[in-house]
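Every number for a ligand or one of its atoms is a count from 1 in the order of the listing.
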Amino acid sequence: MTAPLAPPLTLLGPCSACGSDHVVQHRASRKTGRSVLSCRACGLHAWAERSTYAHDLEDPHGALTFDYDGYVNGKREGAAQLAWHQTLGLLAEELSGHPDPSLFDVGAGDGEFLALARDHGFRVSGNELHAGAIDLARTRYGVDLVLGELGDLDLSEEYDAVTMWCVLAHVEEVDELIHDCFRLLRPGGVLYLQTPRWTTADGLALSALSATGGRVTRIVDRRVAEHHWQLHTRRSMQALLRRHGFTDVRAVPKARYSLKSSSYLRSLGMPAGLAGATGRAMDTAIKHGPVPRIVLDVFARKPADS
Ligand SMILES: [Zn+2]
(Lines give C-alpha, C1' and ligand atoms only; values in the text may rest on other atoms or scores of the structure.)
Protein backbone atom coordinates (compact mmCIF):
# COMPACT_ATOMS: atom_id res chain seq x y z
CA MET A 1 0.00 0.00 0.00
CA THR A 2 0.99 3.64 -0.17
CA ALA A 3 3.66 4.87 2.22
CA PRO A 4 3.05 8.01 4.25
CA LEU A 5 5.54 10.85 3.84
CA ALA A 6 6.76 13.43 6.31
CA PRO A 7 5.47 15.43 8.18
CA PRO A 8 4.76 12.78 10.82
CA LEU A 9 1.23 11.53 11.40
CA THR A 10 0.55 13.44 14.57
CA LEU A 11 0.89 16.79 12.76
CA LEU A 12 -1.74 16.04 10.17
CA GLY A 13 -4.86 15.46 12.23
CA PRO A 14 -7.58 15.87 13.04
CA CYS A 15 -9.66 14.39 10.24
CA SER A 16 -12.34 16.85 9.10
CA ALA A 17 -14.95 14.09 9.04
CA CYS A 18 -14.37 11.91 12.11
CA GLY A 19 -11.89 13.98 14.14
CA SER A 20 -9.31 11.18 14.33
CA ASP A 21 -5.56 11.98 14.31
CA HIS A 22 -4.83 9.00 12.05
CA VAL A 23 -4.41 11.15 8.94
CA VAL A 24 -1.52 10.42 6.56
CA GLN A 25 -0.18 12.35 3.59
CA HIS A 26 0.64 10.54 0.33
CA ARG A 27 3.29 11.31 -2.25
CA ALA A 28 2.59 14.34 -4.44
CA SER A 29 1.63 14.09 -8.11
CA ARG A 30 4.59 15.19 -10.26
CA LYS A 31 2.17 16.68 -12.73
CA THR A 32 0.09 18.89 -10.45
CA GLY A 33 2.20 19.03 -7.27
CA ARG A 34 -0.93 18.12 -5.34
CA SER A 35 -0.95 15.42 -2.67
CA VAL A 36 -3.72 13.46 -1.02
CA LEU A 37 -4.47 13.09 2.67
CA SER A 38 -6.24 10.00 3.89
CA CYS A 39 -7.82 9.19 7.23
CA ARG A 40 -6.97 5.70 8.39
CA ALA A 41 -9.96 5.70 10.76
CA CYS A 42 -12.86 6.65 8.45
CA GLY A 43 -11.42 6.51 4.91
CA LEU A 44 -11.94 10.19 3.99
CA HIS A 45 -9.53 11.30 1.24
CA ALA A 46 -8.78 14.96 0.65
CA TRP A 47 -6.51 17.31 -1.24
CA ALA A 48 -3.74 18.27 1.22
CA GLU A 49 -2.99 21.73 -0.19
CA ARG A 50 -6.59 22.87 -0.62
CA SER A 51 -6.00 25.97 1.55
CA THR A 52 -3.78 27.34 -1.25
CA TYR A 53 -6.65 27.23 -3.76
CA ALA A 54 -7.62 30.63 -5.13
CA HIS A 55 -11.35 30.92 -5.78
CA ASP A 56 -12.40 32.41 -9.05
CA LEU A 57 -15.73 34.12 -8.53
CA GLU A 58 -14.73 37.53 -9.89
CA ASP A 59 -17.16 37.40 -12.78
CA PRO A 60 -20.04 35.29 -11.56
CA HIS A 61 -22.40 36.56 -14.29
CA GLY A 62 -20.28 35.56 -17.27
CA ALA A 63 -18.52 32.60 -15.72
CA LEU A 64 -21.55 30.53 -14.92
CA THR A 65 -23.43 31.06 -18.14
CA PHE A 66 -20.33 30.05 -20.10
CA ASP A 67 -19.51 26.98 -17.99
CA TYR A 68 -23.12 26.00 -17.87
CA ASP A 69 -23.46 25.53 -21.61
CA GLY A 70 -20.36 23.31 -21.79
CA TYR A 71 -21.62 21.39 -18.82
CA VAL A 72 -25.02 20.78 -20.39
CA ASN A 73 -23.44 19.50 -23.62
CA GLY A 74 -21.42 16.87 -21.75
CA LYS A 75 -24.26 15.78 -19.52
CA ARG A 76 -25.68 12.30 -19.67
CA GLU A 77 -29.14 12.62 -21.13
CA GLY A 78 -31.69 12.34 -18.34
CA ALA A 79 -29.27 10.93 -15.71
CA ALA A 80 -29.59 13.86 -13.35
CA GLN A 81 -33.35 14.04 -13.82
CA LEU A 82 -33.71 10.34 -13.01
CA ALA A 83 -31.69 10.76 -9.82
CA TRP A 84 -33.76 13.84 -8.91
CA HIS A 85 -37.04 11.96 -9.40
CA GLN A 86 -35.85 9.03 -7.28
CA THR A 87 -34.57 11.31 -4.54
CA LEU A 88 -37.76 13.37 -4.40
CA GLY A 89 -39.77 10.15 -4.18
CA LEU A 90 -37.64 8.95 -1.26
CA LEU A 91 -37.86 12.34 0.47
CA ALA A 92 -41.65 12.32 0.13
CA GLU A 93 -41.70 8.87 1.79
CA GLU A 94 -39.39 10.04 4.60
CA LEU A 95 -41.64 13.06 5.16
CA SER A 96 -44.98 11.28 4.81
CA GLY A 97 -46.23 12.70 8.15
CA HIS A 98 -45.38 16.29 7.12
CA PRO A 99 -48.26 18.08 5.39
CA ASP A 100 -47.35 20.60 2.67
CA PRO A 101 -43.59 19.90 2.93
CA SER A 102 -41.00 22.59 2.27
CA LEU A 103 -37.62 22.03 0.66
CA PHE A 104 -34.48 24.18 0.53
CA ASP A 105 -31.81 23.38 -2.07
CA VAL A 106 -28.29 24.56 -1.22
CA GLY A 107 -26.37 25.72 -4.31
CA ALA A 108 -29.45 25.41 -6.49
CA GLY A 109 -27.77 26.24 -9.84
CA ASP A 110 -30.31 27.18 -12.53
CA GLY A 111 -33.21 25.87 -10.42
CA GLU A 112 -34.15 22.87 -12.56
CA PHE A 113 -34.11 20.50 -9.58
CA LEU A 114 -36.32 22.86 -7.57
CA ALA A 115 -38.77 23.14 -10.47
CA LEU A 116 -39.06 19.35 -10.39
CA ALA A 117 -39.41 19.37 -6.59
CA ARG A 118 -42.29 21.83 -7.01
CA ASP A 119 -43.94 19.39 -9.44
CA HIS A 120 -43.54 16.73 -6.73
CA GLY A 121 -45.56 18.92 -4.33
CA PHE A 122 -42.80 20.62 -2.35
CA ARG A 123 -42.79 24.33 -1.50
CA VAL A 124 -39.35 25.24 -2.79
CA SER A 125 -36.55 27.67 -1.91
CA GLY A 126 -32.81 27.72 -2.41
CA ASN A 127 -29.65 29.76 -2.53
CA GLU A 128 -26.91 30.22 -5.10
CA LEU A 129 -23.57 32.04 -5.21
CA HIS A 130 -23.76 32.99 -8.89
CA ALA A 131 -26.02 35.92 -9.76
CA GLY A 132 -26.18 34.56 -13.34
CA ALA A 133 -27.73 31.31 -12.13
CA ILE A 134 -30.33 33.20 -10.13
CA ASP A 135 -31.43 34.99 -13.31
CA LEU A 136 -31.59 31.69 -15.19
CA ALA A 137 -33.67 30.09 -12.42
CA ARG A 138 -36.18 32.92 -12.58
CA THR A 139 -36.49 33.09 -16.35
CA ARG A 140 -36.35 29.37 -17.10
CA TYR A 141 -38.37 27.93 -14.22
CA GLY A 142 -39.94 30.80 -12.29
CA VAL A 143 -37.90 29.76 -9.27
CA ASP A 144 -36.72 32.57 -6.96
CA LEU A 145 -33.36 31.91 -5.30
CA VAL A 146 -31.50 33.87 -2.63
CA LEU A 147 -28.03 35.17 -3.48
CA GLY A 148 -25.23 34.31 -1.04
CA GLU A 149 -23.52 31.74 1.17
CA LEU A 150 -25.85 29.79 3.42
CA GLY A 151 -24.10 31.01 6.58
CA ASP A 152 -24.47 34.68 5.58
CA LEU A 153 -28.20 34.54 4.88
CA ASP A 154 -30.79 35.53 7.41
CA LEU A 155 -33.12 32.58 6.98
CA SER A 156 -35.61 32.32 9.80
CA GLU A 157 -37.86 29.61 8.32
CA GLU A 158 -37.23 25.95 9.10
CA TYR A 159 -37.62 23.41 6.29
CA ASP A 160 -38.81 19.81 6.12
CA ALA A 161 -36.05 18.91 3.67
CA VAL A 162 -32.64 20.37 2.86
CA THR A 163 -30.86 19.10 -0.25
CA MET A 164 -27.33 19.48 -1.63
CA TRP A 165 -26.25 18.13 -4.99
CA CYS A 166 -22.48 17.94 -5.15
CA VAL A 167 -21.92 20.96 -2.90
CA LEU A 168 -20.10 19.43 0.08
CA ALA A 169 -16.97 18.49 -1.89
CA HIS A 170 -16.51 22.09 -3.04
CA VAL A 171 -16.65 24.01 0.22
CA GLU A 172 -13.81 24.79 2.56
CA GLU A 173 -15.81 25.09 5.77
CA VAL A 174 -17.43 21.66 5.91
CA ASP A 175 -18.42 21.84 9.58
CA GLU A 176 -20.00 25.24 9.09
CA LEU A 177 -22.03 24.01 6.12
CA ILE A 178 -23.33 20.90 7.89
CA HIS A 179 -24.11 22.96 10.98
CA ASP A 180 -26.06 25.44 8.83
CA CYS A 181 -28.03 22.60 7.21
CA PHE A 182 -28.90 21.20 10.62
CA ARG A 183 -30.07 24.62 11.78
CA LEU A 184 -32.15 25.11 8.62
CA LEU A 185 -34.12 21.90 9.20
CA ARG A 186 -37.13 21.68 11.41
CA PRO A 187 -36.97 18.91 14.06
CA GLY A 188 -37.76 15.62 12.32
CA GLY A 189 -36.69 17.06 8.96
CA VAL A 190 -34.44 15.26 6.49
CA LEU A 191 -31.12 16.19 4.89
CA TYR A 192 -30.26 14.72 1.51
CA LEU A 193 -26.88 15.14 -0.14
CA GLN A 194 -24.96 13.66 -3.01
CA THR A 195 -21.19 13.80 -2.89
CA PRO A 196 -18.22 12.07 -4.59
CA ARG A 197 -17.15 8.78 -3.05
CA TRP A 198 -13.69 7.30 -2.58
CA THR A 199 -13.77 3.94 -4.39
CA THR A 200 -11.55 0.85 -4.54
CA ALA A 201 -10.45 2.01 -8.00
CA ASP A 202 -9.31 5.32 -6.47
CA GLY A 203 -7.32 3.37 -3.86
CA LEU A 204 -5.57 1.40 -6.62
CA ALA A 205 -4.82 4.61 -8.52
CA LEU A 206 -3.32 6.16 -5.40
CA SER A 207 -1.16 3.06 -4.88
CA ALA A 208 0.05 3.35 -8.48
CA LEU A 209 0.89 7.02 -7.91
CA SER A 210 2.97 6.09 -4.87
CA ALA A 211 4.65 3.09 -6.52
CA THR A 212 5.76 5.20 -9.50
CA GLY A 213 7.13 8.05 -7.38
CA GLY A 214 4.29 10.37 -8.35
CA ARG A 215 4.45 9.69 -12.12
CA VAL A 216 1.23 7.77 -12.75
CA THR A 217 -1.28 10.33 -11.58
CA ARG A 218 -4.04 10.82 -14.12
CA ILE A 219 -6.92 9.32 -12.17
CA VAL A 220 -5.90 10.76 -8.80
CA ASP A 221 -5.34 14.20 -10.40
CA ARG A 222 -8.83 14.06 -11.89
CA ARG A 223 -10.64 12.65 -8.88
CA VAL A 224 -9.11 14.71 -6.04
CA ALA A 225 -9.02 18.22 -7.43
CA GLU A 226 -10.10 21.83 -7.00
CA HIS A 227 -13.74 21.11 -7.67
CA HIS A 228 -13.90 17.84 -5.67
CA TRP A 229 -11.40 18.19 -2.90
CA GLN A 230 -12.88 15.69 -0.44
CA LEU A 231 -14.02 12.18 -1.31
CA HIS A 232 -16.08 10.42 1.32
CA THR A 233 -16.72 6.85 2.37
CA ARG A 234 -19.81 5.55 4.13
CA ARG A 235 -17.90 5.61 7.40
CA SER A 236 -16.59 9.17 7.00
CA MET A 237 -20.04 10.46 6.06
CA GLN A 238 -21.68 8.78 9.05
CA ALA A 239 -19.00 10.16 11.38
CA LEU A 240 -19.37 13.70 10.00
CA LEU A 241 -23.18 13.85 10.19
CA ARG A 242 -23.48 12.15 13.59
CA ARG A 243 -20.93 14.58 15.00
CA HIS A 244 -23.37 17.36 14.04
CA GLY A 245 -26.37 15.73 15.71
CA PHE A 246 -27.98 13.90 12.76
CA THR A 247 -29.47 10.44 13.26
CA ASP A 248 -30.59 7.66 10.89
CA VAL A 249 -27.65 8.39 8.58
CA ARG A 250 -27.88 6.26 5.41
CA ALA A 251 -25.02 6.57 2.91
CA VAL A 252 -25.52 4.45 -0.19
CA PRO A 253 -22.82 4.11 -2.91
CA LYS A 254 -24.20 4.74 -6.43
CA ALA A 255 -22.84 4.39 -9.96
CA ARG A 256 -24.17 7.76 -11.00
CA TYR A 257 -22.25 9.50 -13.77
CA SER A 258 -23.48 12.98 -14.54
CA LEU A 259 -21.15 13.26 -17.53
CA LYS A 260 -21.45 11.07 -20.61
CA SER A 261 -18.81 8.34 -20.23
CA SER A 262 -16.93 9.62 -23.28
CA SER A 263 -16.72 13.11 -21.71
CA TYR A 264 -15.65 11.58 -18.41
CA LEU A 265 -12.91 9.48 -20.06
CA ARG A 266 -11.71 12.47 -22.07
CA SER A 267 -11.49 14.45 -18.85
CA LEU A 268 -9.17 11.67 -17.60
CA GLY A 269 -6.97 12.36 -20.62
CA MET A 270 -8.05 9.57 -22.99
CA PRO A 271 -7.82 10.46 -26.71
CA ALA A 272 -11.19 11.33 -28.29
CA GLY A 273 -11.46 8.29 -30.60
CA LEU A 274 -10.71 5.80 -27.89
CA ALA A 275 -12.87 7.67 -25.39
CA GLY A 276 -15.82 7.46 -27.80
CA ALA A 277 -15.60 3.67 -28.19
CA THR A 278 -14.75 2.97 -24.55
CA GLY A 279 -17.39 5.45 -23.46
CA ARG A 280 -20.11 3.61 -25.38
CA ALA A 281 -19.04 0.33 -23.74
CA MET A 282 -19.07 2.05 -20.38
CA ASP A 283 -22.53 3.54 -20.95
CA THR A 284 -23.81 0.01 -21.58
CA ALA A 285 -22.03 -1.23 -18.45
CA ILE A 286 -23.54 1.55 -16.35
CA LYS A 287 -26.99 0.46 -17.50
CA HIS A 288 -26.43 -3.26 -17.06
CA GLY A 289 -23.45 -4.10 -14.90
CA PRO A 290 -21.02 -3.21 -12.11
CA VAL A 291 -18.92 -0.05 -12.53
CA PRO A 292 -17.27 2.03 -9.77
CA ARG A 293 -19.93 3.56 -7.59
CA ILE A 294 -18.43 7.05 -7.60
CA VAL A 295 -20.99 8.94 -5.53
CA LEU A 296 -22.68 8.57 -2.16
CA ASP A 297 -26.39 9.16 -1.79
CA VAL A 298 -26.91 10.31 1.78
CA PHE A 299 -30.07 10.72 3.87
CA ALA A 300 -30.00 11.86 7.53
CA ARG A 301 -32.60 13.10 9.98
CA LYS A 302 -32.63 15.93 12.50
CA PRO A 303 -33.99 14.30 15.67
CA ALA A 304 -37.62 15.22 16.39
CA ASP A 305 -36.74 16.26 19.95
CA SER A 306 -33.86 18.60 19.01
ZN1 LIG B 1 -11.56 10.35 9.56
Query raised in the report: Going by an N to O cut-off under 4.0 Å, is there a salt bridge joining E112 and R140?
Result: no
Query raised in the report: Under 4.0 Å between a Lys/Arg side-chain N and an Asp/Glu carboxylate O for D175 and R243?
Result: yes
Query - Metal environment of the Zn ion (ligand 1), protein N/O/S under 2.8 Å - result: C15 SG, C18 SG, C39 SG, C42 SG
Requested in this report: Using the salt bridge (Lys or Arg N to Asp or Glu O under 4.0 Å) rule, collect all pairs that involve residues 145-155, keeping only residues at least two apart or in two chains.
Outcome: none
Report summary line: For D100, the side-chain hydrogen bond (donor to acceptor under 3.5 Å, both in side chains) test, sequence neighbours excluded, returns R123
Query raised in the report: Can you name the residues that form a side-chain hydrogen bond (donor to acceptor under 3.5 Å, both in side chains) with H85, not counting sequence neighbours?
Result: H120
Query raised in the report: Picking from L177, L193, T195, what satisfies side-chain contact (heavy atoms from CB on, under 4.5 Å) with V167?
Result: L177
